[in-house]
Amino acid sequence: MSVKQFSQRLYYIPKISRWSNGIGAKLPEEYKKFWREWKLQTPTAVHYIKQEGKYVKNEETGEVKPVQNVPIPLLYPKEFHQGLWGGEAIIQGFVKKHKFNRRYPHFWFPSLKKSVVYSEVLDKYISVVVTNRTINLINEHYGFDHYLLKTPACDLKSELALKIKREILLTLADKTLYPDDPVKQEEIYAKYKEYLTAYTREEIEWYGLTYNEACEKWKKQDMELHKVEPLKHQYRSELIAKLKEEEVQAATKTLAKSSIWSSKWNPFSSSKS
């Protein structure tokens, strides 16, 4: 290491994040894996066409430019997490009707509709707000369950979609689907069991939780693991045990005295006084 690198390292102050301090640093690696898939992994391009390669050539002018796949900034309102938008979101930009006119801000909203989707694993019909792209993706994957199980968390994005996916994975992992129909249970389980190979049981337990939900889950587990019982309960149980022991000893002494006095006053007793 050179002197310059060493001096830069001395002045380097690591940035404090939710994962380096507090409860976030104590969360298990299983949840951090899901967080990376949800928040850090690059999602599929939806609002722009991704260009392959490093350079692109203009056919008319012959100019060569480097490829820059810059994602469009998107807005996710709270209603987004209550539906299945298929990766679509609100786009904020500007509109200019004429080259000499001043531009003005504009919002592009996805076309939303209320529909019903069916989960074969959960055997439930779910009424939810969707987009046309969501319906197309479900049809392309040949079913709602296949769509959720094949799509990574960064593309689902919605908290509702992740909650449903977590419930499906838990149902498959615990094999609690169709409890009243064993034949149907084996049929559906064999159809979707391949998706369980990508997760462990512990990873499924932490999958689909928000940061606050994961912190609450860790707190409950930590309290159960390090449960502190008040000393008054210990002292009460010790006192009760001691009183019972003294009561037994007193009863034993009384019985012994009564047997001695009865033997002394019994004229038919063979013992000598």
Side-chain angles (χ1 to χ4, degrees), residues 27-38 41 44 78-88 112-225 227:
L27 291 177
E29 186 59 34
E30 289 79 6
Y31 181 72
K32 294 178 181 179
K33 178 184 176 182
F34 160 71
W35 184 269
R36 289 191 294 268
E37 180 188 338
W38 186 24
Q41 187 173 324
T44 304
K78 63 179 181 179
E79 291 81 7
F80 170 84
H81 294 287
Q82 301 170 3
L84 305 174
W85 291 16
E88 295 188 63
L112 303 177
K113 61 177 70 175
K114 198 163 189 179
S115 182
V116 176
V117 294
Y118 174 68
S119 172
E120 197 173 19
V121 175
L122 303 177
D123 192 23
K124 290 181 181 179
Y125 290 91
I126 305 171
S127 177
V128 65
V129 176
V130 299
T131 61
N132 291 329
R133 187 173 190 272
T134 306
I135 300 298
N136 294 334
L137 288 172
I138 292 174
N139 293 332
E140 288 176 7
H141 289 84
Y142 301 100
F144 180 64
D145 299 83
H146 285 297
Y147 163 62
L148 291 182
L149 294 172
K150 285 185 179 180
T151 308
C154 60
D155 289 334
L156 293 175
K157 198 77 175 179
S158 166
E159 294 177 6
L160 175 63
L162 295 173
K163 291 289 188 299
I164 299 174
K165 183 177 181 178
R166 178 177 184 270
E167 188 176 354
I168 291 174
L169 289 172
L170 285 173
T171 303
L172 290 172
D174 299 337
K175 212 172 181 180
T176 56
L177 61 164
Y178 298 93
D180 301 328
D181 192 347
V183 177
K184 187 73 172 178
Q185 181 186 78
E186 291 298 328
E187 178 187 350
I188 301 301
Y189 179 77
K191 186 177 179 181
Y192 294 97
K193 66 179 181 180
E194 59 178 306
Y195 297 107
L196 294 176
T197 57
Y199 310 94
T200 63
R201 182 61 178 79
E202 190 66 20
E203 288 174 354
I204 296 174
E205 192 70 31
W206 290 92
Y207 195 92
L209 301 178
T210 63
Y211 180 77
N212 292 333
E213 290 172 345
C215 291
E216 291 297 325
K217 181 179 178 64
W218 183 88
K219 287 179 184 178
K220 290 181 181 179
Q221 290 184 351
D222 186 64
M223 288 179 63
E224 293 176 359
L225 187 62
K227 190 174 182 180

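Small disclaimer: the values here were computed from a predicted structure and weren't measured.
Phe144 places a side-chain heavy atom less than 4.5 Å from the side chain of Leu84. Lys157 has its side chain within reach of Phe80: a pair of non-hydrogen atoms, C-beta onward, lies under 4.5 Å apart. Looking at heavy atoms from C-beta onward, Leu149 lies out of side-chain contact with His141 at the 4.5 angstrom threshold. Considering only heavy atoms from C-beta on, Lys217 stays 4.5 Å or farther from Tyr31 through its side chain. Using a 4.5 Å cut-off on side-chain heavy atoms (C-beta onward), Lys191 and His146 make contact. A heavy-atom distance below 4.5 Å is found between the side chains of Arg201 and Asp174. Side-chain atoms of Gln185 and Leu177, non-hydrogen and from C-beta on, do get closer than 4.5 Å to each other. By the 4.5 Å heavy-atom criterion applied to side chains, Asp155 and Lys150 are not counted as neighbours.
Taken from CD in Glu88 to CZ in Arg133, the straight-line distance is 6.5 Å, to the nearest 0.5 Å. For the atom pair CG of Leu170 and OG1 of Thr176, the computed distance is 8.0 Å after rounding to the nearest 0.5 Å. Within the model, atoms CG of Leu169 and CD1 of Ile164 stand 12.0 Å from one another, a figure rounded to the nearest 0.5 Å. Rounding to the nearest 0.5 angstrom, the gap separating the CD1 atom in Ile188 from the OG atom in Ser119 is 9.5 Å. Between the CD atom of Gln221 and the CG atom of Leu225 there is a distance of 9.0 Å, given to the nearest 0.5 Å. Atom CH2 of Trp38 and atom OG1 of Thr210 lie 6.5 Å apart (nearest 0.5 Å).
At a threshold of 4.0 Å, the pair Glu186-Lys193 does not count as salt-bridged, since none of the basic side-chain nitrogens sits closer than that to a carboxylate oxygen.
For the pair Gly86 and Thr131, the tightest heavy-atom approach, listed with the atom from each and the gap, is N-OG1, 4.2 Å. The heavy-atom pair separating Leu196 from Ile204 by the smallest distance is CD2-CD1, 4.0 Å. Residues Val128 and Gly83 approach most closely at CG2-CA, 3.8 Å, considering heavy atoms. Taking both residues in full, the closest heavy atoms of Lys33 and Ala198 are given as NZ-O, 4.0 Å, listed atom of the first, atom of the second, then distance. Nearest heavy-atom pair across Arg166 and Glu205 is NH2-O, 2.8 Å. Here the shortest heavy-atom pairing between Leu162 and Ala153 reads CD2-CB, 3.7 Å.
Here Phe34 and Trp206 keep their ring centres 6.0 angstrom or further from each other.
Every residue two or more places apart in sequence or in another chain was checked for a side-chain hydrogen bond (donor to acceptor under 3.5 Å, both in side chains) with Lys219, and none qualifies.
Counting heavy-atom neighbours within 6.0 Å of Lys32 NZ, excluding the residue itself, gives a total above 12.
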Go through it in stages, so that I can follow the logic: the residues are Tyr118 and Asp123, the test is side chain to side chain contact (heavy atoms under 4.5 Å, CB included), and I'd like the CA-CA distance, side-chain angles, deciding distance and then a yes or no.
CA-CA 7 Å; Tyr118 174 68; Asp123 192 23; 2.8 Å; yes
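Side chains of Lys165 and Tyr207: a donor on one and an acceptor on the other come within 3.5 Å. With no hydrogens or angles considered, no side-chain donor-acceptor pair links Tyr178 and Glu187 at under 3.5 Å.
With hydrogens and angles disregarded, no donor-acceptor distance shorter than 3.5 Å links the side chain of Glu159 to the backbone of His81. Side-chain atoms of Asn136 come within 3.5 Å of backbone atoms of Asn132 as a donor-acceptor pair (strictly under, hydrogens ignored). Not one N or O on the side chain of Lys113 forms a donor-acceptor pair closer than 3.5 Å with the backbone of Val130.
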